[in-house]
Amino acid sequence: MREAVREREFREFAEARQGQLRRSAYLLCGDWHQAQDLTQTTLMKLYASWGRVRRDGNVEAYARTILTRVFIDQYRKRGWREEPTEEVPEPGPAEPPVTPELRLVMQAALMQLPPRYRAVLVLRFWEDWSVEQTAEALRVTPGTVKSQSARGLVRLRGLVEGLAGETSGR
């Protein structure tokens with residue numbers, strides 16, 4: 001009986017939050033397929049500790065912490081890179097663009113940032129996490145989050161200005 005309730009609660013959470021987690025994953029990695037993989041890995045890890053997490057409280061924050069750590073861990077591993085194949089796979093259905101050109105420029109600029117800056121900026125400004133929450137999720141000090149936020153924003157602004165200049169000059 002307890003297992004059935006646990007399964008149902010997890011399934012309800014996963015169905016309700018999967019899209020939001022996938023969008024956050026996309027902002028971190030810049031690829032919809034990889035974002036789906038990150039989301040699935042996050043949900044698997046969350047399921048493994050669902051009973052404890054559910055009792056402790058903020059399940060959504062825990063899921064986002066897992067997502068961010070999985071993303072950073074992938075970039076730490078030397079073996080994780082795209083590998084060439086003999087055949088190019090057919091592209092899957094693409095997510096339709098729902099925003100103006102500036103969003104695309106911002107996204108392109110975000111993808112040019114190092115993974116750590118990207119993770120800090122996504123958590124702080126997209127997910128609207130506090131400095132302390134971000135520090136805990138990334139296992140760094142609040143001072144590191146503040147400095148990486150500041151440096152990341154400066155680099156992002158420079159990249160956006162450069163990319164916006166390129167697109168307006170076409």
Side-chain angles (χ1 to χ4, degrees), residues 9-10 12-50 52-78 80-82 95 97-164:
E9 287 176 345
F10 177 78
E12 288 172 359
F13 174 83
E15 288 172 359
R17 298 291 189 261
Q18 185 173 10
Q20 193 175 14
L21 286 170
R22 186 169 181 236
R23 284 187 296 277
S24 294
Y26 178 73
L27 287 172
L28 290 169
C29 68
D31 177 83
W32 283 112
H33 297 290
Q34 186 182 358
Q36 183 65 31
D37 291 344
L38 287 170
T39 303
Q40 291 303 315
T41 302
T42 298
L43 290 173
M44 287 187 321
K45 289 181 179 246
L46 182 62
Y47 181 77
S49 57
W50 182 252
R52 178 183 50 81
V53 172
R54 195 188 73 231
R55 280 190 308 273
D56 289 348
N58 197 348
V59 176
E60 193 165 330
Y62 191 79
R64 294 195 185 288
T65 298
I66 292 172
L67 175 67
T68 306
R69 288 180 181 166
V70 167
F71 165 72
I72 290 172
D73 287 347
Q74 277 190 344
Y75 278 91
R76 285 183 181 153
K77 294 177 184 172
R78 294 283 180 216
W80 183 88
R81 294 289 177 247
E82 290 182 9
E95 297 270 337
V98 294
T99 58
E101 185 178 282
L102 180 58
R103 183 169 178 172
L104 295 175
V105 170
M106 285 289 293
Q107 191 172 6
L110 189 62
M111 291 303 111
Q112 292 180 27
L113 291 176
R116 182 64 76 156
Y117 284 174
R118 197 177 326 150
V120 168
L121 293 179
V122 167
L123 290 177
R124 287 282 294 126
F125 302 106
W126 178 263
E127 298 297 336
D128 199 28
W129 280 17
S130 70
V131 170
E132 292 75 21
Q133 288 172 314
T134 304
E136 185 178 327
L138 298 176
R139 296 181 181 150
V140 296
T141 65
T144 300
V145 170
K146 291 176 187 177
S147 66
Q148 288 184 347
S149 293
R151 290 180 189 137
L153 286 173
V154 167
R155 286 179 69 176
L156 186 63
R157 283 185 188 112
L159 290 167
V160 167
E161 289 171 2
L163 289 172

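We number each residue from 1, following the sequence as shown.
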(request) Apply side-chain contact (heavy atoms from CB on, under 4.5 Å) to the pair V53 and F10, showing each step before the final yes or no. (result) CA-CA 11 Å; V53 172; F10 177 78; over 6 Å; no
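- No option in Q34, H33, Q36, Q107 other than Q107 meets the side chain to side chain donor-acceptor pair (under 3.5 Å) test with Y26.
- For the atom pair CD (Q18) and CZ (R23), the distance works out to 10.5 Å, reported to the nearest 0.5 Å.
- Heavy atoms only, all atoms of each residue included: M111 and G30 are closest at SD-CA, 3.0 Å.
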(request) Take L123 and V145 through the test side-chain contact (heavy atoms from CB on, under 4.5 Å) and record every step on the way to the result. (result) CA-CA 10 Å; L123 290 177; V145 170; over 6 Å; no
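- Contact annotation: the side chain of L21 approaches that of L43 to within less than 4.5 Å [non-hydrogen atoms, C-beta and beyond].
- Note: E127 CD to L67 CG = 8.0 Å, rounded to the nearest 0.5 Å.
- Under the 4.5 Å side-chain criterion, counting only non-hydrogen atoms from C-beta, F125 is in contact with L153.
- R22 places no side-chain N or O within donor-acceptor distance of the main-chain N or O of A35, the cut-off being under 3.5 Å.
- A side-chain contact (heavy atoms from CB on, under 4.5 Å) with L110 holds for exactly one of V105, L27, L159, L28; it is L27.
- In this structure, the separation between OG1 on T144 and CZ on R151 is 9.0 Å, given to the nearest 0.5 Å.
- Remark: side-chain polar atoms of S49 are not paired, donor with acceptor, to backbone N or O of R52 under 3.5 angstrom.
- Between Y117 and G152, the closest heavy-atom pair is CD1-CA, 4.0 Å.
- The side-chain contact (heavy atoms from CB on, under 4.5 Å) with I72 is formed by just one residue from the set R118, R116, R139; it is R116.
- Here the side chain of R69 pairs a donor or acceptor atom with the backbone of A137 at under 3.5 angstrom.
- Look at R64 and E60 and you find a salt bridge, because one of the NZ, NE, NH1 or NH2 atoms lies within 4.0 Å of a carboxylate O, short of that distance.
- No donor-acceptor pair closer than 3.5 Å links the side chain of Q20 to the backbone N or O of R17.
- To the nearest 0.5 Å, atom CE of residue M44 and atom OG1 of residue T42 are 9.0 Å apart.
- Looking at V59 and L46, their side chains come closer than 4.5 Å, going by heavy atoms from C-beta outward.
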(request) Would you check, one step at a time, whether the test side-chain contact (heavy atoms from CB on, under 4.5 Å) holds for R124 with Q133? (result) CA-CA 9 Å; R124 287 282 294 126; Q133 288 172 314; over 6 Å; no
(request) Report the C-alpha distance between L38 and Q74 in whole Å, list the side-chain angles of each, state the deciding distance to 0.1 Å, and finish with yes or no for side-chain contact (heavy atoms from CB on, under 4.5 Å). (result) CA-CA 9 Å; L38 287 170; Q74 277 190 344; 3.5 Å; yes
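- At most 12 heavy atoms of other shown residues, nucleotides or ligands fall within 6.0 angstrom of atom CD in E136.
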